[in-house]
Amino acid sequence: SHLAPAGVKVVTAMAMVRNSVGVDSYVADEIITSRAGVRLRVGNTDAEGRMAMVDVLCHAKEKALKDPNPQIMTIATLTGHAVLAVGPYSAIMDNGPAK
C-alpha cells in the first residue's frame with residue numbers, strides 16, 4: 001500500500017505535560033535525575049515540556065538502536081521559542097542516526 005511503503009517502519013511517541021503546582025512539582029535550582037540517569041539542574045521551571053520530551057527521546061533512542069539506519073525527528077511547540085526561531089512555521093529537527 002502507498003500508506004505503508006515496504007522497508008519503512010515508523011514509531012511515534014508523544015510527550016504531553018500540564019503546568020501544575022503540587023507536591024510533585026519541581027522548583028528552580030532543584031537537581032533531578034532523568035530517565036537516562038543523568039542529573040539535571042532545573043534552571044527554569046517553565047521547562048516541563050522539554051523535560052518530558054527528553055525522556056521520550058531517550059526511549060525512542062533505545063528503540064531506534066535496534067533498527068538499521070534509524071532517524072529520530074521531533075516536533076514541538078515549546079511555547080513561543082519555536083516562533084522566535086523560525087517564525088510562523090513548524091520546527092522539525094533531524095539529529096541524524098541515533099548513536
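In this chain, residues are counted from 1 in sequence order. What you see is a predicted model; the values in this text were computed from it and never measured.
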Asks: Find out whether Val42 and Ile32 are in side-chain contact, i.e. whether some heavy atom of one side chain is under 4.5 Å from a heavy atom of the other.
Replies: yes

Asks: State which residues pass side-chain contact (heavy atoms from CB on, under 4.5 Å) with Lys66; sequence neighbours excluded, sorted by chain then number.
Replies: none

Asks: Could I get the full list of side-chain contact (heavy atoms from CB on, under 4.5 Å) partners for Asp55, not counting sequence neighbours?
Replies: Ser34, Arg35

Asks: Does any non-hydrogen side-chain atom of Val56 lie less than 4.5 Å from one of Met14?
Replies: no

Asks: Could you work out, with side chain to side chain donor-acceptor pair (under 3.5 Å) as the rule, every residue matching Arg39, not counting sequence neighbours?
Replies: none

Asks: Tracing side-chain links under 4.5 Å among I, L, V, M, F, W and Y, which residues wind up in one group with Ile31?
Replies: none

Asks: Hey, could you give me the CG/NZ distance between Asp67 and Lys9, rounded to the nearest 0.5 Å?
Replies: 4.0 Å

